[in-house]
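Note that the coordinates shown come from a computational prediction; the quantities given were computed from them, not determined experimentally. Residue indices begin at 1 and follow the sequence shown.
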Amino acid sequence: MRIISRFTDIMKSNINALLDKCEDPAKMIDQTLRDLREDLAEVKKETANIIADAKSANRQVKECEEEITKYTTAAQNALKAGNEDDARTLIAKKQQYENNLVSYKKTQELTQANADKMRQMHDKLVNDIETLEARRDAIKATVASAKAQEHINKIVSGGDKAKSSMEAFERYEKKAEKMLDAATAEAELNAHTSAASSLADKYTTQGDASVEDELAAMKAKLGL
């Protein structure tokens, strides 16, 4: 039947496999539940109709069998009463019901088989929905944890960048301090050299001895 062929994939589907393929389980799980509930409503309606057909077929078989029993008993009673013509008529009617019974039983087997398939689909959908609902909160909690971890990872990543920048700054600071120390040392060396030079000049430029000698000689000559 049409409904059975349309819902064949339901019997083949695996709810866990569907979840594994979800890119965003937190959103897809709700959508999957909505789809399954819609399928369940349709399957439930069709299942009820097919079960009703099966019950109707069972009733036809039972009523036909009862008619066969009735006409068999009546034909036997007609024979016992010596009325062969009545018995013949009754047997003909019984045979008509027996022919009908063959068709009724075929219909009974088909409708029962369809009813069994629909029951299986109905029960599977109910089980899938219950499974999904039971797992929904856990799945959403897992997704929330994953997103929280991703956020933390981004923060940590930003902290690593800040740490790297701080380390670079510290290197620049040490280099600047080293440059300052070198400049200070050079200034101290220059100051020490200047002091030594001034001290040397102090003792080497107190007066030229030859000038003093000539000045004394000139004074003596002039009688000064």
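Atom CD of E84 has 12 or fewer neighbouring heavy atoms from other residues, nucleotides or ligands inside a 6.0 Å radius.
Taking both residues in full, the closest heavy atoms of I50 and A115 are given as CG2-N, 3.4 Å, listed atom of the first, atom of the second, then distance. Across R119 and I51, no two heavy atoms sit closer than the pair NH2-CD1, 3.4 Å.
Interatomic distance, Q96 CD to L101 CG, rounded to the nearest 0.5 Å: 12.5 Å. With values rounded to the nearest 0.5 angstrom, L33 atom CG is found 10.0 Å from D128 atom CG. From R34, atom CZ reaches atom CD1 of I129 across 13.0 Å, with rounding to the nearest 0.5 Å.
Side-chain contact between T73 and N77 is present, with at least one heavy-atom pair separated by less than 4.5 Å. The closest side-chain heavy-atom distance from M121 to T47 is not below 4.5 Å. Side-chain contact between Q112 and E109 is absent, with no heavy atoms from C-beta onward closer than 4.5 Å. Taking the side chain as every heavy atom from C-beta outward, E46 and N49 approach each other to under 4.5 Å.
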Name every donor-acceptor pair, under 3.5 Å, that has one atom in a side chain of residues 86-95 and the other anywhere in the protein, sequence neighbours excluded.
from : atom 1 : to  : atom 2 : distance (Å)
R88  : NH1    : D85 : OD1    : 2.9
T89  : OG1    : D85 : O      : 3.1
K94  : NZ     : E98 : OE2    : 2.8

Determine all donor-acceptor pairs shorter than 3.5 Å in which one atom belongs to a side chain in residues 64-72; sequence neighbours excluded.
from : atom 1 : to  : atom 2 : distance (Å)
E67  : OE1    : K70 : NZ     : 3.0
T69  : OG1    : E65 : O      : 3.0
T72  : OG1    : I68 : O      : 2.7

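In terms of hydrophobic clustering, with Ile, Leu, Val, Met, Phe, Trp and Tyr side chains grouped at heavy-atom distances under 4.5 Å, Y104 and L110 are assigned to different clusters.
Side-chain polar atoms of D116 and Q120 form no donor-acceptor pair below 3.5 angstrom.
Tested against R37, the residues E133, E42, E130 include a single salt bridge (Lys or Arg N to Asp or Glu O under 4.0 Å) partner, E133.
A distance-only check finds a donor-acceptor pair linking the side chain of N58 to the backbone of A54 [under 3.5 Å]. Within the 3.5 Å criterion, the main-chain N or O of A52 finds no donor-acceptor partner in the side chain of S56.
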